[in-house]
Asker: 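Questions regarding the structure given below will be posed in turn.
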Amino acid sequence: GQMMGPNGQEFGQNGQMGPGGPSEEEMKKMDDRRFQDMKRGLGQFSKGTTMMKKSVEKMRKTLAKCGVGIPVELDNALKATDGLVKKIQDAKTADELEDIIGDVEDVGMAMQEWGPRMGDLGRLCQMMRQGDRDMKRLERDVKRVESRVKANKKLDLTEILNTFKEEVMALKGAFLGVVTLAKTDAGSAIEKLEDEFYGAMDDIRNSQMAIETAINVSQGLRTAASEIKKIEAQIKSLQKKKVDTSEAEDLLAQMKAQVAELQQLVKGKFNAEELISMVEDAFQTRQELQEKLQELLGTNTYMPNIKADTRSNINFELPEAFRRQSGGGEGEFGGETMGPAF
């Protein structure tokens, strides 16, 4: 048919676009060359997708056991590959291939994103197993602490106990959220597990220790004393690395003073409410101190140290001929651009 110029005018019969434009014959050559490039790229694309499918299928069963699903966008991309490979094989012209280039690119992008992150899925799997164990242990702890609180006739610890129980319930809610996300959106599940589950574990363990200290003051104070020694050692090693520990030192001094005050309090007759509020203050300081130390040390005490198994990663490259070149309307696929029609 007639070729239209960019401004809608028809080209002359000789196929010239005015001075310097490619002739119809040259255009045909360019089309053929592009067609051959894309057909060659198909081989790569097809091989890459087959490999990726095999790996994913192998992992799918293992991951399913701990409730991790293949991310939806990767799953959809893998499902689409067969149809695309067939369309590319059947295409007779570069224009037919041009129609599916967007689909090939979308599929390629999902595979490029998730291929190198397959190890993360395995890591999520193990972290969820560990998270499940940690959650169960915490629920057992709640029962144990609750029965100790009920058995303690000297102190009314219902308020501090209820706060602890609410925190544990919220943590369980976060974990159930992770379980749901893991089925379709592994990336968000990992984030939620790190931030909202293990990120909150510190506060919860802190609340638990506060109650246990109040239930059994003398034992609790011994634990606090040995913990202070441990914190002092951490601060010393940070100072050797020339880290500014002044804030942590201030908090430690405050905690020491609060613990000393508690030791004084329990030597004489004491009022239960006063004890509870002093214990809560000391543990509030402990929590701030722990957060400060974690920030300085760059680690979270409760986070399981599970590395991604990178052996399952796949690097998927989209063949050159199927990559959209940036630059808008200019030679979409790296063919020479047409000069302006004068």
Side-chain angles (χ1 to χ4, degrees), residues 1-18 20-60 69-118 184 312-341:
Q2 282 287 55
M3 286 185 74
M4 302 292 274
N7 307 322
Q9 78 274 39
E10 291 182 2
F11 292 136
Q13 283 310 305
N14 63 355
Q16 282 297 332
M17 283 176 54
S23 68
E24 215 161 286
E25 204 175 323
E26 284 165 350
M27 294 286 290
K28 188 174 176 339
K29 264 191 204 143
M30 273 160 48
D31 270 354
D32 285 346
R33 202 165 56 223
R34 200 178 62 197
F35 183 62
Q36 293 315 319
D37 283 347
M38 287 164 100
K39 282 288 200 182
R40 258 199 308 278
L42 163 70
Q44 263 174 282
F45 178 71
S46 176
K47 224 183 286 177
T49 54
T50 309
M51 222 176 79
M52 184 97 174
K53 269 190 172 153
K54 267 193 192 132
S55 293
V56 169
E57 284 322 306
K58 212 164 69 188
M59 278 190 79
R60 193 187 296 272
I70 301 299
V72 172
E73 68 270 30
L74 175 61
D75 226 6
N76 291 342
L78 291 171
K79 282 185 192 130
T81 55
D82 288 348
L84 284 176
V85 167
K86 188 171 178 352
K87 274 184 183 163
I88 304 172
Q89 279 167 338
D90 296 348
K92 302 280 182 286
T93 65
D95 284 345
E96 284 175 54
L97 285 175
E98 197 116 354
D99 289 343
I100 54 172
I101 213 112
D103 296 338
V104 171
E105 204 189 23
D106 290 344
V107 162
M109 274 168 69
M111 288 164 61
Q112 259 169 322
E113 185 200 344
W114 277 103
R117 294 180 59 192
M118 296 307 286
T184 53
S312 38
N313 289 349
I314 305 152
N315 282 314
F316 178 84
E317 279 298 324
L318 198 56
E320 193 62 53
F322 286 97
R323 280 180 224 161
R324 276 230 168 80
Q325 310 294 323
S326 52
E330 298 197 352
E332 275 280 14
F333 300 102
E336 293 96 307
T337 53
M338 298 183 184

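For the single chain, residues carry numbers from 1 onward in sequence order.
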Asker: Using modelled atom types only, decide if a donor and an acceptor are shared between the side chain of Glu57 and the backbone of Lys54 within a distance under 3.5 Å.
Answerer: no
Asker: Starting at CD of Glu24, measure out to CG of Asp31 and round the result to the nearest 0.5 Å.
Answerer: 11.0 Å
Asker: Do Glu25 and Lys28 come within less than 4.5 Å of each other through their side chains, counting heavy atoms only?
Answerer: no
Asker: What is the distance from atom CG of Asp106 to atom CD1 of Ile101, rounded to the nearest 0.5 Å?
Answerer: 11.5 Å
Asker: If I take atom CG from residue Leu84 and atom NZ from residue Lys86, how far apart are they, to the nearest 0.5 angstrom?
Answerer: 12.0 Å
Asker: Got a second to check how far Asn76's CG is from Thr81's OG1, nearest 0.5 Å?
Answerer: 11.5 Å
Asker: Between Ser46 and Val85, which heavy-atom pair has the shortest distance, and what is it?
Answerer: OG-CG1, 4.1 Å
Asker: Counting C-beta onward and ignoring hydrogens, is there a side-chain heavy-atom pair between Asp82 and Thr49 closer than 4.5 Å?
Answerer: no
Asker: Please report the interatomic distance NZ(Lys29) to CZ(Arg33), rounded to the nearest 0.5 Å.
Answerer: 9.0 Å
Asker: Determine, for Arg34 against Asp37, whether the closest basic-nitrogen to carboxylate-oxygen distance falls under 4.0 angstrom.
Answerer: no
Asker: Looking at side-chain heavy atoms only, is the closest gap between Val56 and Met118 below 4.5 Å?
Answerer: yes
Asker: Quick test of your reading of the model: are Lys92 and Glu96 salt-bridged, counting only N-O distances below 4.0 Å?
Answerer: no
Asker: Could you walk me through whether Met52 and Leu74 pass side-chain contact (heavy atoms from CB on, under 4.5 Å), step by step?
Answerer: CA-CA 10 Å; Met52 184 97 174; Leu74 175 61; 3.7 Å; yes
Asker: Check whether any side-chain heavy atom of Ser55 sits under 4.5 Å from a side-chain heavy atom of Lys58, and report yes or no.
Answerer: no
Asker: Taking side chain as C-beta onward, heavy atoms only, is Ser312 less than 4.5 Å from Met59?
Answerer: yes
Asker: Given side chains that start at C-beta, do those of Ile70 and Trp114 come closer than 4.5 Å, heavy atoms only?
Answerer: no
Asker: Could you tell me if the side chain of Leu78 sits less than 4.5 Å from the side chain of Glu73, heavy atoms only?
Answerer: no
Asker: Which pair of non-hydrogen atoms, one from Pro116 and one from Gln112, has the smallest distance, and what is that distance?
Answerer: CD-O, 3.0 Å
Asker: Check whether any side-chain heavy atom of Asp90 sits under 4.5 Å from a side-chain heavy atom of Lys87, and report yes or no.
Answerer: no
